[in-house]
Amino acid sequence: MATTGLGPDRVEQLIEELSTVEKIGQLTQYFYLRPPQSGLAEAALARAGAGALLFVTDPAEINRLQRLAIEGSPHGIPVLFGFDVIHGLRTILPVPIGLAASWDPDLVERAQAVAAREARAVGIHWAFAPMVDIAPDPRWGRMVEGAGEDPLLGSVIAAAQVRGLQGLQPDNEVVRDEAVRDASIPEGHVLAGAKHFVGYGAARGGRDYDEVDLSDQQLHNVYLPPFRAAIEAGVRNIMCAYMDVNGVPATGNHRLLTDLLRHELGFEGWVVSDADSVRDLTTHHVAADLADAAARAIEAGVDMEMATHQPAFDRLTDALRSGRISTERLDASVRRVLAAKEAMGLFEDPYVDEEAARTILADPTHRDVARRAAEAGAVLLRNEADLLPLAPDRLHSVAVIGPMADSPRDTLGPWVFDYDLDETVTVLAGLRDRLDGQAQVDHAPGIPLDERRFPSMFAEMGEDATGSPADFDTAAEFDRAVRTAEAADVAVVVLGERQDMIGENASRSSLELPGRQLTLLQAVVATGTPTVLVLLSARPLDLRWAAENVPAILEAWYPGSQGGAAVANLLLGDATPAGKLPFTWPRTVGQVPMSYAHTRSHSPDGQGTRYWDEESTPLFPFGYGLSYARFAYANARVEGPDATTLDGSLTIAVDVTNTSERDGVEVVQLYLHQRYGASSRPVRLLKGFRRVAIGAGATERVRFTVGPQERRYWSSATGDWTLDPSTFEVWVGGDSAATLRTGFTVAPPGNPAVADPSRGRAPRR
Ligand code: BGC
C-alpha cells in the first residue's frame with residue numbers, strides 16, 4: 001500500500017502557506033510535448049507554476065521533471081503525471097469498445113489493472129480513463145473509446161474500469177463509502193479520470209467537437225448513468241468536455257459541473273478541463289478574453305486547466321484581484337488537487353524506480369491478460385454451416401488476405417503511444433504461429449491501405465503512420481491475392497478501418513469499408529474458397545453484402561498486442577467466441593443514430609419500413625453475438641408472486657441450456673418494457689446481464705432482481721425521477737431481439753398488488 005501521506009492537516013497548512021501564484025500553479029497542467037511546449041512546461045516547473053504534466057512516459061524523464069518541480073516549488077510540492085492510458089500502456093489491450101463487448105466486468109477490471117500497473121511502474125499517477133461517453137452515432141470516431149450505446153452496460157463497464165485502474169475495492173454496489181473515497185491509491189494503481197462530462201457522444205451529425213443539444217430526459221436516463229457509476233466506484237477525477245451543451249460550452253457550464261456533478265452526483269474529486277478547453281471559451285465566442293475564460297471556468301466548477309499553450313489560468317490573478325473569484329473558491333480547487341497528490345503518496349515518495357519499471361513492463365502475465373481480453377470481446381457475427389472453428393487437422397493451406405492482416409500498428413488500434421510493435425502479434429503472425437508445422441499460411445495484401453482524405457491530428461504529433469510501399473503494384477497484388485485465395489483450403493480476409501480512421505478527430509460520413517476492400521472481398525468469395533472475414537474496426541461498418549455472402553464474420557475490434565494470437569485461437573477453436581455487440585449495428589449510414597431502445601410511437605407496426613428504400617431494422621441487434629456452442633432459453637418466470645409494490649423487488653429466473661457438445665459462455669440478458677406511465681418508455685431496455693459459463697449439455701438457472709432501481713427513470717412529464725405503477729413486459733435471451741417473455745405488475749401505492757392479466761399474451765405491436 002502507498003504510505004498514508006501527510007494527511008488533511010498538512011494539506012490545510014500548505015494551503016495557508018502557498019502564495020496565490022503557487023496556488024494557481026497547482027491548478028495548471030501542461031502538455032509535455034516537443035519544443036516549444038516542453039520549454040513552456042519546464043519554465044513553469046521552475047517557478048512553481050505547474051501542478052501536473054501530461055504525455056511523459058519515460059521513467060527517467062519523469063524523475064528529471066519531478067526533480068525540477070520539487071526544486072522549483074518553495075514548498076517542495078511534486079507534480080502529478082497524467083497520461084491517456086486508455087487501453088494499456090506497453091501491453092496494449094483491446095480497444096475499450098472491444099473490452100466492453102466481453103460484457104464481463106471482472107475481466108475488464110483485470111485488464112485495466114494491468115494497464116494501471118504498467119503506467120504506475122513508469123511513474124504515471126493519473127490515467128485519463130475511463131471514457132464513459134455513451135455513443136449512439138457510429139459516425140463519431142470516439143465511440144471506440146467507450147462502451148457503446150447502452151447506459152446499463154456503460155455503467156457496469158465504467159465502474160469496472162475505475163476499480164481496475166484505482167485498485168480500490170468498494171464492498172457494495174453503492175460506493176459513496178468514505179473509506180473508498182478518501183483512501184490512498186494502492187501500489188500498482190493510478191488515479192482514474194472519467195470523461196468527458198457530459199454528452200460528448202451526442203455531437204450533431206456524429207461530427208467530433210460539434211455542438212450537442214441534449215434534453216433532460218436523455219441526459220439523466222442515457223448520458224449521466226455511466227458517470228454516476230464511475231463516481232459511485234470512487235473515481236477521483238472527471239474531465240469536462242470540449243463542446244457546447246445546449247448552447248453553453250461544457251467547460252464553462254455551471255449547471256453541468258456544479259449543479260449536476262457536485263450537487264446531484266456528489267462528486268468530490270477534482271475536475272480537469274480538456275486540452276485547452278478553458279482558453280477555448282474565447283474560441284467559442286463566450287469569453288471576452290483569457291482572463292474572462294479562466295474566471296468562467298472556475299465559476300462553472302473546473303479545478304485544473306489542461307494546457308498546450310500559455311494557460312488562461314495565469315490570468316486568474318485578475319479575477320482574484322477584482323473579487324470576481326474568492327480565495328475560498330480558489331482554495332477549494334487547490335485542496336482537491338493536493339488531496340489527489342496525497343492519495344498517491346506523492347509527498348513521501350515522488351520518484352519512480354527506473355529499474356523496477358523495466359521488469360514490470362516485461363511481465364509476461366500482462367500479455368496473457370491482453371490475449372484473454374481479446375478472445376473474450378470478439379463477436380462472431382455469422383457462421384454459416386459451422387464453417388468455424390476451422391479444423392486444423394483438415395487444413396493444408398490458409399490464405400490470409402488484406403492490407404491489415406500483417407499491420408502491427410493497425411492491430412493495436414488508436415489511443416496508444418508507448419507500444420512495442422515488435423511485441424505485437426498480427427493476425428498473420430498469430431495464424432502462422434498457431435498452424436506452424438500443420439498448414440501452409442500464405443499472405444497477400446491485395447490492395448494498398450487506404451488513406452484518410454484529411455490527415456489525422458495524431459500524424460501531426462509524430463504518431464507512426466502506416467501505409468503501403470510507394471511501389472505497391474495495385475493490379476498485380478490484387479491478382480496475386482485472388483490466386484492465393486483460390487489455391488487455399490480457406491481464406492481469412494482481414495479488413496476494416498486503419499487505426500487512424502477511428503478515435504478522436506476521426507469521424508466519418510460513411511460506414512462503408514474504405515477503399516477497395518469490398519471489391520477485394522467479393523473477388524475472394526467468388527473464387528469459391530470458404531471465406532472468413534475478420535474485422536479490425538470499432539464502428540458498425542456497412543456489411544450488407546458480407547452478411548449475405550460471406551459465411552463467417554468475426555468482429556475482432558482492434559485487439560491489441562496479442563490480437564493475432566487471440567484471433568488464431570478463436571478461428572481454430574482453442575477459444576470459443578462469447579462477445580456480444582455493445583451497440584446496434586445498422587444496415588447503412590442513413591439509419592444513424594439508431595438505438596434498440598427507441599419508443600413504440602403511434603405506429604409500431606411500421607418500425608421496419610420507416611424508409612421506403614431500406615429496412616429500418618438493424619443488420620445485427622444490440623447484444624448480439626454467436627458462439628460455437630448453442631444455447632436454448634426456457635422457463636422465463638417471476639419467482640414468487642408476479643405483482644409487487646412501487647418500492648418492491650422481484651426475481652426473474654430463466655433456464656439456459658447449452659444444447660451443443662462444446663462448453664461455452666453465454667451473456668444472458670434481461671430487457672424490460674413499461675406498458676403505461678408518465679412517459680413512453682423504450683420498447684426494450686437492458687436491465688440486467690450475466691456472463692455465464694455453461695458446460696456442454698448443462699443447464700444453468702440465471703436470476704435477475706428487478707426493483708425500483710431498474711424501473712425508475714427521469715420523466716420530462718414530472719420533471720423528476722419517476723416510478724410508475726404499471727404492467728411490465730420482460731424478455732430474457734441472448735440479445736435484444738430475445739423472444740422469451742414474462743411479465744409482472746406494479747400496483748399503485750395503497751392498492752393491493754394484482755396479477756397482470758395480460759401476462760403470457762403477446763404484446764400488441
Ligand atoms: C482528448 C482527451 C484527452 C486529452 C489529452 C484531448 O484531445 O479529448 O480525451 O485525454 O486530449 O490527451
Side-chain angles (χ1 to χ4, degrees), residues 28-34 37-38 41 50-57 80-89 95-97 112 115 119 124-135 140-147 158 161-162 165 190-203 206-212 226-227 230 235-245 249-251 270-280 283-284 302-309 311 413-418 456-463 500 502-507 538:
T28 310
Q29 177 174 41
Y30 283 88
F31 271 82
Y32 192 83
L33 297 169
R34 288 184 300 269
Q37 274 106 340
S38 52
L53 296 185
L54 74 152
F55 255 84
V56 199
T57 55
L80 282 171
F81 286 89
F83 194 61
D84 287 288
V85 189
I86 309 298
H87 55 116
L89 183 80
V95 286
I97 193 95
Q112 287 296 25
I124 291 166
H125 309 119
W126 166 22
F128 308 134
M131 192 207 80
V132 304
D133 296 319
I134 295 290
W140 190 53
R142 300 201 78 170
M143 72 175 290
V144 62
E145 294 173 65
Q161 294 196 71
V162 171
L165 289 165
V190 294
L191 300 154
K195 67 189 187 184
H196 309 82
F197 201 77
V198 57
Y200 191 12
R207 293 181 295 270
D208 207 3
Y209 312 140
D210 271 5
E211 70 207 270
V212 162
F227 282 100
V235 77
R236 294 300 169 86
N237 170 255
I238 297 272
M239 185 186 293
C240 65
Y242 279 129
M243 72 295 154
D244 292 300
V245 183
T251 307
W270 90 107
V271 173
V272 69
S273 77
D274 205 337
D276 287 330
S277 72
V278 174
R279 152 184 290 271
D280 283 342
T283 316
H284 284 269
V302 172
D303 297 303
M304 180 184 269
E305 176 182 10
M306 182 191 283
T308 65
H309 295 77
W415 274 120
V416 289
F417 304 94
D418 207 47
S456 158
M457 68 178 198
F458 293 105
E460 285 162 28
M461 282 170 64
E463 184 33 25
D500 67 352
I502 191 109
E504 186 174 349
N505 194 226
S507 293

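As the structure lists them, so they are numbered: ligands from 1, and atoms in each ligand from 1.
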Hey, which of Tyr32, Tyr30, Phe83 is the one that makes ring-ring contact (aromatic ring centres under 6.0 Å, His included) with Phe55?
Phe83

Is Glu145 touching ligand 1 with its side chain, its backbone, both, or neither, if touching means heavy atoms under 4.0 Å apart?
neither

Donor-acceptor pair, Gln112 side chain versus Ile86 backbone, under 3.5 Å?
yes

Atoms of ligand 1, numbered as shown, that sit under 4.0 Å from any heavy atom of Lys195
2 (C), 3 (C), 9 (O), 10 (O)

Considering only non-hydrogen protein atoms, determine which one is nearest to atom 1 (C) of ligand 1 and report residue, atom name and distance to 0.1 Å.
Glu504 OE1, 3.2 Å

Protein heavy-atom partner closest to atom 10 (O) of ligand 1 - residue, atom, separation in Å
Asp84 OD1, 2.6 Å

Protein heavy-atom partner closest to atom 7 (O) of ligand 1 - residue, atom, separation in Å:
Tyr242 OH, 2.6 Å

State, with a plain yes or no, whether a side-chain heavy atom of Asp280 is found less than 4.5 Å away from one of Ser273.
no

Measuring only between side-chain heavy atoms, which start at C-beta, is Lys195 closer than 4.5 Å to Asp84?
yes

What part of Met239, side chain, backbone, both or neither, has a heavy atom within less than 4.0 angstrom of ligand 1?
side chain

Which atoms of ligand 1 are found less than 4.0 Å from any heavy atom of Leu54?
5 (C)

How close does the nearest protein non-hydrogen atom get to atom 9 (O) of ligand 1, and which residue and atom is it?
His196 NE2, 2.7 Å

Could you tell me which atoms of ligand 1, counted from 1 in the order shown, lie closer than 4.0 angstrom to a heavy atom of Phe128?
10 (O)

Phe55 heavy atoms within 4.0 Å reach ligand 1 at atoms 12 (O)

Would you give the length of the straight line joining atom CE of Met131 to atom CD of Glu504, rounded to the nearest 0.5 angstrom?
10.5 Å

Can you check whether Arg142 has an N/O within less than 3.5 Å of an N/O in ligand 1?
yes

Could you tell me the residue and atom name of the protein heavy atom closest to atom 6 (C) of ligand 1, and the distance to it rounded to 0.1 Å?
Asp274 OD1, 2.9 Å

Is there a donor-acceptor contact under 3.5 Å from the side chain of Asp274 to the main chain of Ala241?
no

What is the distance from atom NE2 of His196 to atom CE of Met243, rounded to the nearest 0.5 Å?
9.5 Å

Rounded to the nearest 0.5 angstrom, the OH-CG distance for Tyr209 and Asn505 is 4.0 Å

